[in-house]
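Down below is the structure, laid out as structure tokens.
The structure displayed is predicted, hence computed values, not measured ones. Numbers here are sequence positions counted from 1.
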Amino acid sequence: MKSISLPVFGLLVLTPVMITLGQVLFKLTSGRLTAQAGTPFYTVAFNPVFLLALAIYGAATLLWIYVLKTVPLSYAYSFMALTFVLVPLMAAIFLKEPLTIKYAIGACLIIAGLFIVQS
């Protein structure tokens, strides 16, 4: 495979980052639903945090399609493994969810695997 340009590589990393941000925002949306007992589920459609999460997911999808125009799917998709590293990390930072040593070991293995696949 020919080498990828720096902007395309940046998009390969940015897409999982955006997916991660969307996941954190979805979790925040769910917390607001449970905090207000008896709130109908359809009200989530009008929640600004939910709408922002959808917008970020939509933008990530458009960027992903652009990336796939120039990069083979088998190469690009391995970058999506970064979400398994980033989502728990961002949940710990923004949602105060705990991280464990098992997470740290798993995250290191995923990153090592990404380097192996991409070499």
Could you check if a side-chain atom of K27 sits within less than 4.5 angstrom of a side-chain atom of F94, using non-hydrogen atoms only?
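They are not in side-chain contact.
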Do V49 and F26 come close enough that some side-chain heavy atom pair is under 4.5 Å?
no
Please list all pairs meeting side chain to side chain donor-acceptor pair (under 3.5 Å) that have one or both residues in residues 107-119, counting only residues at least two apart or in different chains.
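Every side chain to side chain donor-acceptor pair (under 3.5 Å) pair that includes a residue of residues 107-119, provided the two are not neighbours, is Y75-Q118, S78-Q118.
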Single-linkage hydrophobic cluster [X]~[Y], side-chain heavy atoms < 4.5 angstrom:
X    : Y    : value
I110 : Y103 : yes
V71  : L62  : no
V85  : V117 : no
V87  : I56  : no
I111 : M90  : yes

Any chance you could measure [X], atom [atom1], to [Y], atom [atom2], to the nearest 0.5 Å?
X   : Y   : atom1 : atom2 : value
L68 : L63 : CG    : CG    : 11.0 Å
L89 : L82 : CG    : CG    : 11.5 Å
L73 : M80 : CG    : CE    : 9.5 Å

Give the other cluster members for L109, using side-chain heavy-atom distances under 4.5 Å between Ile, Leu, Val, Met, Phe, Trp and Tyr residues; answer none if it is isolated.
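L109 shares its hydrophobic cluster with I101, I105.
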Determine the minimum heavy-atom distance between A53 and L25, stating which atoms define it.
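Looks like CB-CB, 3.6 Å.
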If you take all heavy atoms of V67 and A76, which pair is closest and at what distance?
CG1-CB, 4.4 Å
Report all side-chain donor-acceptor pairs from residues 4-22 shorter than 3.5 Å, counting only partners two or more places apart or in another chain.
{"residue": "S5", "atom": "OG", "partner": "V8", "partner atom": "N", "Å": "3.4"}
{"residue": "T15", "atom": "OG1", "partner": "L11", "partner atom": "O", "Å": "2.8"}
{"residue": "T20", "atom": "OG1", "partner": "P16", "partner atom": "O", "Å": "2.8"}

Does a sphere of radius 6.0 Å around CZ in F84 hold more than 12 heavy atoms from other residues, nucleotides or ligands, not counting ones at 6.0 Å or beyond?
no
